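Bear in mind the structure is a predicted one, so any value in this text is a computation, not a measurement. Chain letters run A, B, ... following the sequence lines, proteins first and then strands; every chain starts at 1.
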Amino acid sequence: MAKFTLSKNERLKSKKAIDFLFEQGTFINQYPLKLVYNKKPLVEGLPPLLFSVSVSKRNFKSAVSRNRIKRLVREAYRTQCIPLKESSKINNLQIQMMCLYVGTEMPSLQRIQNKMAAILVKLQKSK
RNA sequence: GUACAUAUGACUUCAUCGCUGGUUAGUAUCAUAUAUUUAUUAUGAUCUAUCGAGAGGAAAGUCCGGACAACGCAGAGUACCAUACCAUUUAAUAAGUGGACUUUGAUUAUAGUAUCAAAGAUAGAUAGUGUCGCAGAAAGCUAGACCGCCAAGGCAUUUAUGUCUCGGUAAGGGUGAAAACGUGAGGUAAGAGCUCACGCUAUAGAAUAGUAAUAUUUUAAAGGGAUAAACCUUAUGGGUUGCAAUGCCAUGUAUAUUUUGAUCUUUCUUUUUAGAAGGGUAGGUGACUCGCCUAUAUACGCUUACGCGAAUGUCAAAAGGGGUAGGCAGAUAGAUUCGCAUUGAGCGAACUAGAUAAAUGAUGAAGGCUGAUUUAUCAGUUACAGAAUCCGGCUUAUUAAGUAUGUACAUAU
RNA sequence: GGCUGCAUAGCUCAACUGGAUAGAGUACCUGACUACGAAUCAGGCGGUUGAAGGUUCGAAUCCUUCUGCGGUCA
């Protein structure tokens, strides 16, 4: 049975990789979310998906609300990423992605889950 | 009753999924080392299971103070910066506690005095310098004569007035934030602390009370504007920089390269290879000076010699480049909290966040609390706000309800 | 995370060592010049000196606390 995990080594952390992503990655828009992704051949021993979240300090000044949004986005990703993970394993690809929150209002979990589902479907189709 | 200030306070329990770091374990996987070539042992990482833990009163601002670390082993003086009533607490502070004084407000009272509260950068203006615009005659020390007051002399006449000259005068007017003690009497041509009485101010001495600041009484001599949040003087304290400090590992490599400067000199010893002392030069001591410390090398060519030359290396300064953007330590735990003890420097118990594109979340159920009404349903469970080396203060932000203390206002008795 | 600066008219800057209506250019408005416009000339409008307290007779300036915006450190 597949687990709903999002542990430390399944996150995108390298600064080099993130810079590369913003130079050459592809964008998917689904207001209030925005996804940047990049595909690579999978290296043995590394996880198939790398994920990270970002919220702008310009739109949300308080650190508390930024943390809150990041947690909601991460929760939505965690519960819905399993089909994508399996398909990318089959195709032997590593997908690096970063999710930006572009909106200016505090969202509900329900809304973010819907949008995240739409994005992941698009991502799977784009192969 | 209302408002404000301070303190308290910051929902609880269970289940499922997930994150972080830790404990214990594994016929698990990988790497390294030992020894050996079947394999065993140790260490580290990953995975799985298990146990218990996981954000504040301000985690914020960075306004103070420490711990700790590096700079050379941290010396002296000057500059610079900070502080400034007294006692006391403290590791330390611009913090806390208590007291003194000044100012403001309120009450009693309406002269004073007393009580309560708030604020105070509360040493020195009698060490010196500067400043005090406009207005005003004059703005700082023998002050200052615009109007006014008065004496003397001249002129005119209406013979007690006007005017002029030269003097005296700080009582009165007016200006200003501020005009050089206040009131009364004497005194005088008119006046004046010029003199006297009563007061005021601050200074010095004495006595009493108090640990002290200071207060009360008394004596002496005096009358001195404000400003130190202007310079400054006095006293006390501070070496500078800060965990992105600092040390190690990995990656990469370059003592790259270019330019400029220095690599000197005197005396003594004599083992003539060299050694010692002094001076100079350069650098360090992260403001300056002193002091202290370090360096001042090697071989070669030309010349009879003094000396000159270029070279290698080293040091210093400037220019200009290359690589990394990772990990570990620093950093879970200590001036901690609670209780007991005090002829001391203790004893016992308890507590424990450790992330790094940055963890502490999601869902469901039950209970508590608050509000609304249909009285058994609905809604809410919030404000300010997210650890980043660690502590002690200060400042700022802050919801609902309640409690306690204080202040102000209103009403009733 | 530490250290360290700045804030004046719509914009760019002044205002000495506290002194009284906070000034200059530009922009904007009105008038003159011109057949009309530009340029030029004359006049005008526009500021609680980022906010709140304090010191002083008097604060853009000195002091304190906040607000916003930068710079720098491996």
Side-chain angles (χ1 to χ4, degrees):
Chain A
M1 176 189 161
K3 299 266 179 167
F4 306 99
T5 57
L6 182 60
S7 68
K8 210 170 171 183
N9 56 354
E10 289 180 39
R11 293 184 208 163
L12 183 62
K13 294 197 284 193
S14 161
K15 193 181 173 185
K16 265 186 169 174
I18 292 168
D19 286 343
F20 182 78
L21 196 61
F22 276 99
E23 276 177 26
Q24 306 216 350
T26 321
F27 287 81
I28 298 177
N29 259 322
Q30 186 76 41
Y31 187 86
L33 295 176
K34 189 174 186 182
L35 191 80
V36 193
Y37 72 96
N38 190 36
K39 292 175 184 174
K40 277 182 173 180
L42 183 64
V43 182
E44 193 66 31
L46 291 181
L49 296 178
L50 290 176
F51 182 78
S52 95
V53 196
S54 172
V55 183
S56 169
K57 199 173 185 178
R58 195 172 299 165
N59 295 339
F60 295 93
K61 281 199 169 177
S62 161
V64 174
S65 51
R66 281 203 302 278
N67 276 350
R68 170 88 188 153
I69 289 167
K70 282 189 203 172
R71 280 166 188 157
L72 292 178
V73 173
R74 231 177 268 140
E75 180 71 16
Y77 170 80
R78 182 176 74 80
T79 48
Q80 300 181 42
C81 72
I82 289 164
L84 183 65
K85 197 186 280 184
E86 284 175 354
S87 74
S88 76
K89 247 183 197 172
I90 291 164
N91 296 335
N92 213 13
L93 283 173
Q94 187 189 38
I95 306 182
Q96 301 182 340
M97 52 190 157
M98 186 158 196
C99 189
L100 310 175
Y101 187 83
V102 189
T104 52
E105 288 177 2
M106 201 67 190
S108 66
L109 179 67
Q110 191 63 40
R111 188 168 178 213
I112 287 191
Q113 273 178 338
N114 293 342
K115 296 292 178 184
M116 180 59 77
I119 282 182
L120 292 180
V121 167
K122 268 192 186 178
L123 187 58
Q124 224 166 349
K125 277 182 186 172
S126 73
K127 274 166 202 175

**Item:** Strand RNA chain C in bracket notation, Watson-Crick/G-U under 3.5 Å with | for pairs to another chain
**Value:** (((((((..((((.....[...)))).(((((.......))))).....(((((..]....)))))))))))).
**Prompt:** If we take the P atom in both A55(B) and A353(B), what is their distance in whole Å?
**Reply:** 9 Å
**Prompt:** What distance, rounded to whole Å, do you find between the two P atoms, one in A311(B) and one in U260(B)?
**Reply:** 11 Å
**Prompt:** Partner of A357(B) by Watson-Crick or G-U wobble geometry, both contacts under 3.5 Å, or none?
**Reply:** none
**Request:** Any strand is fair game: report the nucleotide pairing with A151(B) by Watson-Crick or G-U wobble, both distances under 3.5 Å, or none.
**Result:** none
**Complete:** Between CZ of Phe51(A) and P of A359(B) the distance, given in whole Å, is 14 Å
**Message:** Taking pairing as Watson-Crick or G-U wobble with both contacts under 3.5 Å, can you name the mate of C328(B), or confirm there isn't one?
**Reply:** G247(B)
**Message:** Quick check on G193(B): syn or anti? Syn means the glycosidic torsion is within 90 degrees of zero.
**Reply:** syn
**Message:** Suppose you measure atom C1' in G224(B) against the same atom in A59(C); what distance do you get, rounded to whole Å?
**Reply:** 30 Å
**Distance, C1' atom - from G167(B) to A152(B), rounded to whole angstrom** = 8 Å
**Asked** So what's C338(B) paired with, Watson-Crick or G-U wobble, going by both distances under 3.5 Å?
**Response** G348(B)
Polar-atom pairs under 3.5 Å, protein N or O versus N or O of nucleotides 384-387 of chain B: list them with distances, or write none.
residue : atom : partner  : partner atom : Å
G386(B) : OP2  : Ala63(A) : N            : 3.4
G386(B) : N7   : Asn67(A) : ND2          : 3.2
G386(B) : O6   : Arg71(A) : NH1          : 3.1

**Message:** Could you tell me how far apart Gln113(A) (CD) and A362(B) (C1') are, to the nearest whole angstrom?
**Reply:** 9 Å
**Asked** For atom P, what is the distance between U158(B) and G182(B), given to the nearest Å?
**Response** 48 Å
**Prompt:** Looking only at atom P, what distance separates A106(B) and A408(B), rounded to whole Å?
**Reply:** 12 Å
**Message:** Give me the distance, rounded to whole Å, that separates U107(B) from G133(B) when you measure between the P atoms they each carry.
**Reply:** 41 Å
**d(CD, Glu75(A); P, G18(B)) in whole Å** = 11 Å
**Prompt:** According to the Watson-Crick and G-U wobble definitions, with both distances under 3.5 Å, which nucleotide is paired to A209(B)?
**Reply:** U214(B)
**Prompt:** For A109(B), which nucleotide in any strand shown is its Watson-Crick or wobble partner with both distances under 3.5 Å?
**Reply:** none
**Message:** What is the distance, to the nearest angstrom, from the CZ atom on Arg66(A) to the P atom on A357(B)?
**Reply:** 15 Å
**Contacts of type side-chain contact (heavy atoms from CB on, under 4.5 Å), residue Leu72(A), not counting sequence neighbours** = Arg68(A), Leu109(A), Ile112(A)
**Fill in**
Per the glycosidic torsion and the 90° limit around 0, nucleotide G57(B) is syn
**Item:** Length of the NZ-C1' vector between Lys70(A) and A359(B), whole Å
**Value:** 12 Å
**Message:** I need the single residue from Val55(A), Ile119(A), Leu33(A) that forms a side-chain contact (heavy atoms from CB on, under 4.5 Å) with Cys99(A). Which is it?
**Reply:** Leu33(A)
**Complete:** Heavy-atom nearest nucleotide on RNA chain B taken for Val53(A) and for Leu72(A); more 5' hit belongs to Val53(A)
**Prompt:** How many Å lie between OH on Tyr77(A) and P on G361(B), as a whole number?
**Reply:** 21 Å
**Asked** How long is the line joining CZ of Arg78(A) and P of U20(B), in whole Å?
**Response** 12 Å
**C1'-based separation of A333(B) from U389(B) [nearest Å]** = 14 Å
**Complete:** In Watson-Crick or G-U wobble terms, with both distances under 3.5 Å, the base opposite U398(B) is none
**Message:** Syn or anti for G184(B)? Use the chi torsion, O4'-C1'-N9-C4 for purines and O4'-C1'-N1-C2 for pyrimidines, with syn inside 90° of 0.
**Reply:** anti
**Message:** Tell me which nucleotide, if any, is Watson-Crick or G-U wobble paired with U90(B) when both distances must be under 3.5 Å.
**Reply:** none
